[in-house]
Structure formats: C-alpha cells, structure tokens
Amino acid sequence: MESIEALVAHIQVLSSSVDDISHLHNLLKQAEESLQSQASRLAPFLEQLDPSKHSLGYLYILEAYTSAPIQTEQASELTVSIANFINSCLAEQIRLAPDKFTSVCKRFKDQVLLLQAPIQGVGPLRTAVRKLQPSSEQLTALHPDFLQLCLLAKCYKTGLCVLEEDIFEVDQPKDFFLYCYYGGMICIGQKLFRKARELLLNVVTAPMSTTNAIAVEAYKKYILVSLIHNGQYSTTSFPKYTSSVAQRNLKNFSQPYVDLANSYSTGKIVELESCFETNREKFESDNNLGLVKQVVSSLYKRNIQRLTQTYLTLSLQDIANTVQLSTPKEAEMHVLQMIQDGEKFATINQKDGMVIFHEDPEQYKTCEIIEQIDLSMQRMIALSKKLNTVDEFISCDPIYLAKAGRERPRFDFDDFDAVPQKFNM
Amino acid sequence: MASSSSSGLTFKLHPLVIVNISDHYTRVKSQEHFAPPKTNGDASSSLPSSPPRVFGCVIGVQRGRTVEIFNSFELLYDPSTDSLDRPFLEKKQELYKKVFPNFYILGWYSTGSDAQESDMSIHKALMDINESPVYVLLNPSINPAQKDLPVTIYESELHVIDGIPQLIFVRANYTIETVEAERISVDHVAHLKPSDGGSAATQLAAHLTGIHSAIKMLNSRVRVLHHYLLAMQKGDIPCENSLLRQVSSLLRRLPAIESAKFQDDFLMEYNDTLLITYLAMFTNCASTMNELVDKFNTAYDRHSRRGGRTAFI
C-alpha cells in the first residue's frame, strides 16, 4: 500500500523501457484499490505526470479519478484534459491495459454527451480507436462509441473513414452489433445504400442465441434499405448463415415493414402510399419516417427503370403516365437525376420531349479495367486465404467434431473409421 | 572406336526418328517386366538386369553430300546368326517403297551406351544394301546433367590398325532438321505421352508450365543481350559493329503488330481471360465460404436440424 506520492515517483522513473513498464504495470495493479479509495484527491497528481511519456501511469490515475462522480463545473476541463491525454499517449503503453483505456474513453463520451457537444468528442475518440487497435482488422469496444458520437454530431464523413476498413476479428458480440448498426445508419446518411445494406445484413445474420433489440431495429432498416437499393426484398428467405433464432422471430417484430415491402413489389404508387399512411405512426415511433419517404420516392425510379427494358425511346408524357407522375416535368427531373447518378444511360431531347435509352457504353477494352480486375483478384486471393484458415480452425473445433461425429452411423462403417462416434475430450 | 569422321557427309536427323527409337525401347523395356523370356520384338537381353537392346532400320534420302534420315522401323534381331532378320527387312523395304518412293535404307539403329564390336558384323551385313550405312545409337540412360541429345551417329571407315585394314566406327556430326508439320505433330505426341490421359487440370498445368519456361528462357536471353549492350556502352567490351547491327535489326522488327484494332482486340481478350480467372477464384471462394457456413451451422446452431441433413463431406 504505497502512498500516492511514492506511486507517482515510481511512474516518473519507470516509464522508459519495456521491462520497466511491465514492472510498473504490476505495481500499478497492486495499487489499484488505494487509487480508487482516494479518487477525489487525484487531480493535482495528474499535473505532475506527462501523458506522452508516462501514459500507463497517467491512465491508471485518470481512470481512478474519473470513476468518482464529477461535478459539472469540472466537467469541461476534464473533457479537455482527457482529450489531451488521448491525443498524446503512447499506443504501446495503452495496449497493456485496454479495459482501463476503454472505460476512460466511455466516461469521456458520457461527459461530452452531458455537455451537449458531441462534436468535441469525435476527434479524440477517433485517435483513441486507432491507438487501441492492434491491427486495423480488429474491432474494439470503442468503435461503436465513436460511431455513435459521429451520428449525434452529424459528422458522417469521419465515421466513414473508420468504416472503410474490413473487420475480421471481433471480441464482444454486442460491440459488433452496435458497430454494424451505427455504421449502417451513417452510410444511410451519406446515401451509400450498398454499404449500408451490407452492414445491416451483418447485424441480422450475426450469430445470436436470443433475439436482441439491435437486430430487430436493424432488420427494419434493412428491409427499407434493400427496397431503396435493389428495388425488391424477398421477405421469405434469409441467407443460410442466419441463426435460426433470427429467422423465426425477426419477422414478428416488424410486420408493418413487411407489409410495406409487399406493397412495393406490386409497383403501384397508390398502394404504396396507402400502406405508408396506415402505418405512419409506427414508422415515426421507430424514427424511420425519413427512410420510408425515400422508399416511396424510389418506387418512381424503379418504375422508370422497368420502362427502359421495354422501350428504346419514350416521350416524357408517356413516362409520366405510366409511372403515375403528375406532369412530364417531374418525369424529366427524375430521369435527369438518374442520368446524373449514373444509374441509367439516356439522352433527353427537349424539343420534342423524347428520351432515348442507351446501352452501357463501357467496352471493357481499356487498361483501367485491367487494373480494376487485378485489384479485385488480389483482394479475392487475400480473402480466400483468410477463409481457408478459418475453415481449418473450425474443422478442428471439438464442438463441431462432436456434432459431426454423431451423424456417422448413417454411413458405411468402413468409410469413416478414423473418427470415433462420440468425441470426448 | 570413335574419332571424328572425315567423309565430309552432312547428316540431318529428323526428330521422328528419335521419338521412334525411344518409343521402341520404352515399349520393350516395360513389357520385359511382364514376360521375361519372350518379348515382343527382338531384345537380346541375356541378363535381366541389363537393359534390353532394340534394333531397327533407318530410312531416308541421300542427295549428294547430304544424308537426311526421315524415318525408322523396328527389326528383329536373331541372336543365333547374330544378324538382323533379312527377309523381314526386305519385305518392309518394299512396303515403304510403295508409300515413300524416295526413301532408301540408309542404315540401322540400336540402343546402348557405346558402340560395340558385335555391331560391326551387323553393319557389314547391311553394306550390300547401302555401301556406307550409318549407325544411329541412342543412349537410353537418363543423365540429368547432360545437355545434348543422347543420340550419336556413326559411320564406318577403313583404317589401318596394326597393319591390318579394319572397319571401325567413327563419329559423325549431325543436325536436327524438321519441317513445320512434323514439328507440330511430334510436339503434340511428345507432350501427350507423359500425362497418362491426364485430367484437364494436369494438362492445363503442363501447358502453362511449358509457356512459363519458354518465357523464362526468353527473359534470360534478353537479359544477356541487355547486359552485353550495357557493357559495350560502358566500354568494358570492344564495340562489335556486326553484333550491334544484328541487335538493331531485331529491335526494328518489334513490335510485330501495332494498330488500334489490334490493341482493342488484344485488350478485350486479355480482359476476358482476367475475368474468367476472377470468376474461377470467386467460385472457389464462394465454395469455401459455403463449407464454412455449413460447418458453423452444424456446430453452433442448436435448432437448425431440419430433416434430411446432407453429408458433411
């Protein structure tokens, strides 16, 4: 039980080399309770330490300090000092005590939210995420917090840069669910519907032993996003890797959305709008109203798309009539929007109001295509290697072997005599 | 027994002959394992350990000082008379004459590591058909260090040794000569033989390996030239204008085709091949993923045991 001053002196001395750091780490672990008990007195000691050199010690003291309730007038200074700490700390030292770091950052986030200034937290949390991750493929507990702050502060672009990396390793399933859910919402905000759909699909199909609320919300958004992006959603089939729990229960919680999807598939605006009106309160209570409005407007685009498969040229008046738009002007706006987004290749002749639809002018004859395909192939090779390692890993998993072994009796005895029928560890 | 020939004849050997001789030898040798004493042909295999010797006749055309050996056929060797089966040879010769009227019997072939004394008697026996027959000898032992073909051509010359004029074998130089059509067909035959009917995958792999080694060789040759030119530029080697002229004429011949249409077609085909490879990789990846998902479902999903679980392999 050392006093705080002695501890501080130790920190200052022992923060230089790797062996010293591990020694210091042990000391700090032993001194944890004493730190906790004197939490309120710790503020002046923090000033004696330099966060960029004594990161580990600073972290312990800071964590103990923040575990005690903070008065509001100190809150803003605290956020500033925590932000400084995050920006200047050393990543290697931090990674020795990841859960302390995570709890400090979570408290930081709470403070920032209390102060109603989420944007202050975005930058520091991004640095925190980068420093905590041992590799860019690992999901940390801070990812969902960071994304939540981005959503609340409406800085979607910063959130996107973290979403760009593919995650391959996950520690806590709850982190994963939240990460994908918030990530999906950020992508919807940026109108990247394809990526949003992928992320939301991840939440829906992630292994879960019981239904959880995040998955239900994600499922509702997933239906809407796939309607906007693909123009269709088959309500009956889930992918093979969805857990059975999800398959059975998710639909029950999101009946209005399923109805919306069904009326969308008929292609008639009138039906869609009536369905929309009937379920309006439910959509509003789920905060999905904006998304549903986008779904309704996307139905027009979908119908125009369908027209291009039948007609080569069409007049704007005809488009308006078929798609049930009120004026040719609106039809022109829609087609113009689609051409600009690159979804359709067409030319509008304004004199006689005709639209001519073209084929995709891409000839696939250029060197850029070669580069693109080459890049895709390399990504595919890397992914294939990872899949193979996971496959081998799961083939050796005792749980799997036990279950697979139980099915053996159905086959010829002499085919499989290598694996015992009951696999005991 | 072997010094270089002084007859001044140029010998040209076609690859078909080499393939024939090696094929004959291989057949006899492999059948030897099944039926030791009676073999299909002629092998005078006295001891089972020594490789059998096969014999045959080579035919071709002799124009002036050039002897061109086109083809060959097998002959029976009679160990009792120590000579080749004469009536059979004549019958074969008649048959070949009908198809190839230009071809004459130029000599005979055998296998072994070196020419032997007993071969001389066979050689003399053939002298009444062709006054100066050739003896083609194939060495069937595989020597990975050897770079040249294990085929030697011997002529007979009258030399005076110890006061007695004797016929001895002398080595002759030869070149390999081929016509386009022959090259293609021999190539085809030679490449199909090693893969035992092989699946598409092994044939594709063999084909790609061939192309890969060809490109590697081209690369190394170009590198040698490049190195040489650099050294010449630096002044380490004296400038040799004739070589430089050859290099420059070679360079002017490249690129072989240059036009917009060629670029288009070439890039399109290149992209197609890339896409097919991509598709193959995709399928491979998807299949791994599918297996993985199946295993995962078996292991961890408690309630998914619907009826009719499929085999887990």
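The chains referred to below are lettered A, B, ... by the order of the sequence lines, with proteins before strands, and numbering in each begins at 1.
Annotation: the span from A:Asn388 atom CG to B:Asn284 atom CG amounts to 7.5 Å, rounded to 0.5 Å. Between the CE atom in B:Met281 and the OG atom in A:Ser384 there is a gap of 8.5 Å [rounded to 0.5 Å]. To the nearest 0.5 Å, the span separating CD on A:Glu392 from CG on B:Leu292 amounts to 11.5 Å. Atom NZ of residue A:Lys385 and atom OG1 of residue B:Thr288 lie 13.5 Å apart, to the nearest 0.5 angstrom. We find the NZ-SG distance between A:Lys386 and B:Cys285 to be 11.0 Å, quoted to the nearest 0.5 Å. The distance from the CD atom of A:Gln372 to the OH atom of B:Tyr278 is 10.0 Å, given to the nearest 0.5 Å.
A:Phe393 CZ: 12 or fewer foreign heavy atoms inside a 6.0 Å radius. The 12-atom threshold is exceeded at CE of B:Met232, counting heavy atoms of other residues, nucleotides or ligands nearer than 6.0 Å. Other residues, nucleotides and ligands contribute only 12 or fewer heavy atoms inside 6.0 Å of the CD atom of B:Glu269.
When the options A:Ile394, A:Asp397, A:Asp391 are evaluated for a side chain to side chain contact (heavy atoms under 4.5 Å, CB included) with B:Phe296, the one that passes is A:Ile394.
With chain B as partner, the option from A:Ile373, A:Val390, A:Ile370, A:Ile369 having the largest number of non-hydrogen pairs under 4.5 angstrom is A:Ile370.
B:Tyr270 touches chain A through its side chain: at least one heavy atom from C-beta onward sits under 4.5 Å away, while N, CA, C and O do not.
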